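Structure first, then comments.
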Amino acid sequence: MALRSSGSRKLSFEILSKNKYLEGGGPSLIYQSSSDPFQSQNGGNPSRHNRKKKKHKKRKDSTTDLPIIAEDLVYKQRGSSGGSVLAESKSENYGSRDNGNVNRISYVGGGSVVVLEESVCQNVCGFGELRQRNLNGVVAGGGDDMETVAARADESVVEASSSKEPFPPVAPQSMANGNVVNTLKTSESLDWKRVMAEDPNYLYTVDKSPLKYFLDEMHYGNSLRNTTTLGSEKERERVYDTIFRLPWRCEVLISVGFFICFDSFLSLLTIMPTRVLITFWRLLTTRQFKWPSAAELCDFGCFLVLACGVIVLGRTDISLIYHMIRGQGTIKLYVVYNVWEIFDKLCQRFGGDVLETLFNSAEGLANCSQENMGFWIRRFVSDQALTMAFSILHSFILLAQAITLSTCIVAHNNALFALLVSNNFAEIKSNVFKRFSRDNIHSLAYSDSVERFHISACLLFVLAQNILEAEGPWFESFLFNAFVVFVCEMLIDIIKHSFLAKFNDIKPIAYSEFLEDLCKQTLNIQTEDCKKNLTFVPLAPACVVIRVLTPVYAAHLPCSPLAWRFFRILVLIFMTYIMLTSLKVMIGMGLQKHATWYVSRCRKRKHHLD
């Protein structure tokens, strides 16, 4: 019988004690080698009485088969003949328990099972080994067979131990309490000088004089090699995109957006009043009421909001607001301007949604049935009131912003430059060092176009105030200040978008695609995502411009009878209308031609690439 051990350490005195041969208080049947320390402690050979009792016990159970130890699951039948067969020689590392190795050799033969355990303790420094061997046998036959098996086992152990190489250092293993048992390295691994001698960097930096080090630095590579890396062609393209290609495309996009806002502003002042007058004229001439269309209801709603805004702002005392802003010393002027600018952007974003709500109600009212007309009328009236209130609030904010800018321009303590520096660099700080997606940059470019138009409206307010109240030569000073404001705004927008594109890996071609979408919006071509369109509500700027230009016209009217004065007012309104209409036609036609040319160019380029 050959019994192959499965590598478990549970083969011990405790397992052997479960055998029925050891039950009944019989003597231990375990043989020990001469080197066993237990033998020296227990004395010499067992007594004669114990030997007779052992023989009697063996004769009584001679027909009983040898039990198979539960832990050894694999065994082979090698024939009926006896003999010792080497089943396994296995080395196990028990880590932190005994910090050594145990070699176990099991033998089975002729009704005997021999388990040889060899404990090998290595010195952590590698100088020697301490070995302990325990020979345990379960004997079912005579004592001579047991001695033979033990002798063979001893010889096999000597051969196995002589052919075995020294065990490698034990890796650190975690204990039950979470600590880690660290093992020391060998003396070879602790040879610091040998390790450093094999390192070429060590030989290069340590074993040379200061003069040699300086000469090597003079002739070795780039002088900034430690802090910089060699660039690639891609990095070169990014540098030129940031400096040259992207600023030009960004400025073209923002400028086109500015003129689209200006065109919408002129449409509100020219096209919308004309369509309202035509509707009322048709109603008066035909004297037949016709239910208005959705476009006519939208025009009527916008005209009503504009008229109410102008009337309310006309009741506002601009001089009082001017002296309140200039006279207070708690908050700096540039801080006040930043506050109004933030509220202006919020109102501009939310104003588009409010106006869309009004147009939606107008569309529903124009196409509703007679049963639902009451519901749609109430809805249109409520949306009209909300749009009117919000537009008046936005007009007040924009007027306060224009008054603050005028205060900074006419001040003599360089308040304008402080405003430009604080406002523009705060804008760079709040945008450049943040992560932006492509759609966010698209919306930011449109927002810059709207902001530039609002600054133009504020500068027009400053011009009107100078016409009314300035003394002495003021026009050159106004032109210089307006030029500084516009140039600073352009530079800040270019710097902001250039570094935003660099940090977010946006190519300059993206701004060309943004411009293509803007041109399609000008041509009323439906795009895939309508949310990417430029949204601009010109109601608040129109209210502010009409409010500031009305006193200018009134100041240049002659003191004459009422009829003549009324006639002069009509002439001025007509001339202004003709001038604004001509400007509207020129800008509108120019935008149409530019949009047609650019869209066709983009389509040809895409067709050529395909």
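Counting from 1, the numbers follow the sequence of the chain as shown. The structure displayed is predicted, hence computed values, not measured ones.
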Pairwise side-chain contact, [X] with [Y], heavy-atom cut-off 4.5 Å (strictly under):
X    : Y    : result
I506 : L500 : no
Y334 : N423 : no
Y446 : L518 : yes
Y598 : V256 : no
D448 : H497 : yes
F536 : I260 : no
R249 : L253 : no
W340 : L399 : no

Inspect the contact between [Y] and [X] and indicate whether a charged nitrogen and a carboxylate oxygen are less than 4.0 angstrom apart.
X    : Y    : answer
E251 : R452 : yes
R605 : E516 : no
K507 : D241 : no
R282 : E296 : yes

Interatomic spacing from [atom1] in [X] to [atom2] in [Y] - rounded to 0.5 Å:
X    : Y    : atom1 : atom2 : answer
E237 : E235 : CD    : CD    : 11.0 Å
I546 : L306 : CD1   : CG    : 4.5 Å
C368 : F380 : SG    : CZ    : 11.5 Å
D263 : M586 : CG    : CE    : 11.5 Å
I578 : L583 : CD1   : CG    : 12.5 Å

Check the angle between the aromatic planes of F258 and F453 and answer parallel, tilted or perpendicular using the 30° and 60° thresholds. tilted
For the ring pair Y511 and F514, is the centre-to-centre distance below 6.0 Å? yes
Taking only residues two or more places apart in sequence or in another chain, which ones pass salt bridge (charged side-chain N to carboxylate O under 4.0 Å, His left out) with D299? R275
Any idea which heavy atoms bring [X] and [Y] closest together, and the distance?
X    : Y    : answer
C298 : F359 : SG-CD2, 3.3 Å
P292 : A366 : O-CB, 3.9 Å
P273 : S267 : CD-O, 4.4 Å
L420 : C488 : CD1-SG, 3.9 Å
E489 : I455 : OE1-CD1, 3.5 Å
C458 : L405 : CB-CD2, 3.7 Å

Lys/Arg cation over aromatic Y240: R236, 6.0 Å, 45° cone: yes
Go through Y577 and T274 one step at a time and tell me if the side chain to side chain donor-acceptor pair (under 3.5 Å) criterion holds. CA-CA 10 Å; Y577 177 81; T274 305; 2.4 Å; yes
